[in-house]
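To start, the structure under review is shown below, and the notes come after it.
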Amino acid sequence: PLPVIPSYKINIAVFCSHFACVSKMNIAVAVSLFAAVVQVSVALPGGPPVGACTNIFPVGHTNPANEVDNPTDNENNPYQLNLDAFLNASDTQSTTLLYSPGEVYELTVTAPQGGAPYRGVMVQARTTVDGSPVGSFGSFTALTRASLCTPPESAVTHNSRADKTSEVLTWTAPSAGTGNVQFLYAVVIEYFPGSANMFYGTLTTGVVREIVDECATGADNCDDDATCTDTAEGFECTCNPGFTGNGVTC
């Protein structure tokens, strides 16, 4: 939904000098155009426009003194997309991020403790092969919805400019064979005209690896006299009884 338009006193004569108003109907159209401009300039409470989909970068937020769009700085940004759902629960020492095709995962965008809440957010998963959007978002909260990006539901965004400190985003992983993915996201803290317009754009997470059963697909390099065992982070080769070696060579 668009924000409620505040009351404005419009000098029709001046306004029409720019829009060539020549009738009551044209005046009505001109006023409608003015209202639309006001709506866009005040805020985008229903999420960013399609133009933000290209680089997951806030469109229309132009305060260079406060914007943070350098990847190096983004690594240190305090508004994190939590990917703990992709950690191997059976190996607490591992930091490798893994996803299983078709599985559903809950991600969280959190504001720093004691820091300013965020108001806008946008997240999309892309394959590391060619950067194509993959997977889909759903089970939206009252403050989130699908973005206008293509394919539908390939990205999630905010549905309200209300303050947010922690929003859960539900992502369904793509089908098998997609390969590794990364999440791109943006966070907007301030955006009203005259305010700081502080935001973080084109943030990139670490790589989330697709879990592949190399043993079943024949992608392993185990010796013919070895047994291949699939693991969460790859596979293991073990020489069969009566043979010795490292599994790759027996």
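Small disclaimer: the values here were computed from a predicted structure and weren't measured. Values below: every heavy atom of this structure, side chains too, minus hydrogens, waters and symmetry copies.
The hydrophobic cluster containing L143 does not contain L107, counting ILVMFWY residues as joined when their side-chain heavy atoms lie under 4.5 angstrom apart, directly or transitively. No continuous path of hydrophobic side-chain contacts links I189 to L184 [ILVMFWY only; heavy atoms under 4.5 Å]. No single ILVMFWY cluster, assembled from side-chain heavy atoms under 4.5 Å apart, contains both L97 and V212. A single hydrophobic cluster is not seen to contain both I211 and F235; linkage of ILVMFWY side chains at heavy-atom distances under 4.5 Å, directly or through other members, places them apart. Criterion: ILVMFWY side-chain heavy atoms under 4.5 Å apart, direct or through other members. Under it, V134 and I56 are not part of a common hydrophobic cluster.
Listed by first and then second residue, the side-chain hydrogen bond (donor to acceptor under 3.5 Å, both in side chains) pairs involving residues 162-182 are R119-D163, T141-E167 (not counting sequence neighbours). Screening residues 99-135 for disulfide (SG to SG under 2.5 Å) gives no qualifying pairs among residues at least two apart or on separate chains. Under the side-chain hydrogen bond (donor to acceptor under 3.5 Å, both in side chains) criterion, the residue pairs touching residues 240-250 are T227-N240, with sequence neighbours excluded. Pairs of residues two or more places apart, or lying in two chains, that qualify as disulfide (SG to SG under 2.5 Å) and include a residue from residues 78-188 are C53-C149.
Panel note: side chain T144, backbone T157; no donor-acceptor pair is recorded below 3.5 Å. Using a distance-only test at 3.5 Å, with no hydrogens or angles considered, a donor-acceptor pair links the side chain of S94 to the main chain of T96. The main-chain N or O of F57 is never found under 3.5 Å from a side-chain atom of N55 such that the two would form a donor-acceptor pair. A side-chain donor-acceptor contact under 3.5 Å links Y118 to the backbone of V109.
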Inset, instruction - Quick one: do Y99 and V181 satisfy side-chain contact (heavy atoms from CB on, under 4.5 Å)? Show the steps, please. - result: CA-CA 9 Å; Y99 79 86; V181 305; 4.0 Å; yes

Legend entry - Step-by-step side-chain contact (heavy atoms from CB on, under 4.5 Å) determination, N77 to V187: CA-CA 10 Å; N77 94 85; V187 178; 5.6 Å; no

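Take S132 and apply the side-chain contact (heavy atoms from CB on, under 4.5 Å) test, not counting sequence neighbours, and it matches T127, D130. For Y105, the ring pair (Phe, Tyr, Trp, His ring centres under 6.0 Å) test picks out F86, with sequence neighbours left out.
At a threshold of 4.5 Å between non-hydrogen side-chain atoms, the residues T108 and V168 count as touching. Under the 4.5 Å side-chain criterion, counting only non-hydrogen atoms from C-beta, C222 is not in contact with E236.
Residue D223 holds its CG atom at 8.5 Å from SG of C237, rounded to the nearest 0.5 Å. Within the model, atoms CG of L81 and OG1 of T205 stand 6.5 Å from one another, a figure rounded to the nearest 0.5 Å. Between D225 atom CG and T238 atom OG1 the span is 13.0 Å, to the nearest 0.5 Å. Going from atom CG of L98 over to atom OG1 of T231 covers 9.0 Å, rounded to the nearest 0.5 Å. Remark: M122 CE to L203 CG distance equals 12.5 Å, nearest 0.5 Å. Expressed to the nearest 0.5 Å, how far NE2 of H158 lies from OG of S147 amounts to 11.0 Å.
Nearest heavy atom pair, residue P117 against residue A111, reads CA-CB, 4.2 Å. Contact record, P174 with G135: CB-N, 3.8 Å, taken as the closest heavy-atom pair. Across all their heavy atoms, G234 and E214 have their closest contact at O-OE1, 3.2 Å. The two residues A125 and F183 make their nearest non-hydrogen contact at CB-CE2, 3.5 Å. When all heavy atoms of P78 and P112 are compared, the closest pair comes out as O-CD, 3.6 Å. Residues E210 and P101 share a closest heavy-atom pair of OE2-CG, 3.4 Å.
Sulfur-to-sulfur, C228 and C215 sit under 2.5 Å apart at their SG atoms.
At a cut-off of 3.5 Å, with distance as the only test, a side-chain donor of Q124 or S154 sits close to an acceptor on the other residue.
Proximity of the aromatic rings of Y185 and Y200 is defined here by a centroid distance below 6.0 angstrom, and this criterion is not met.
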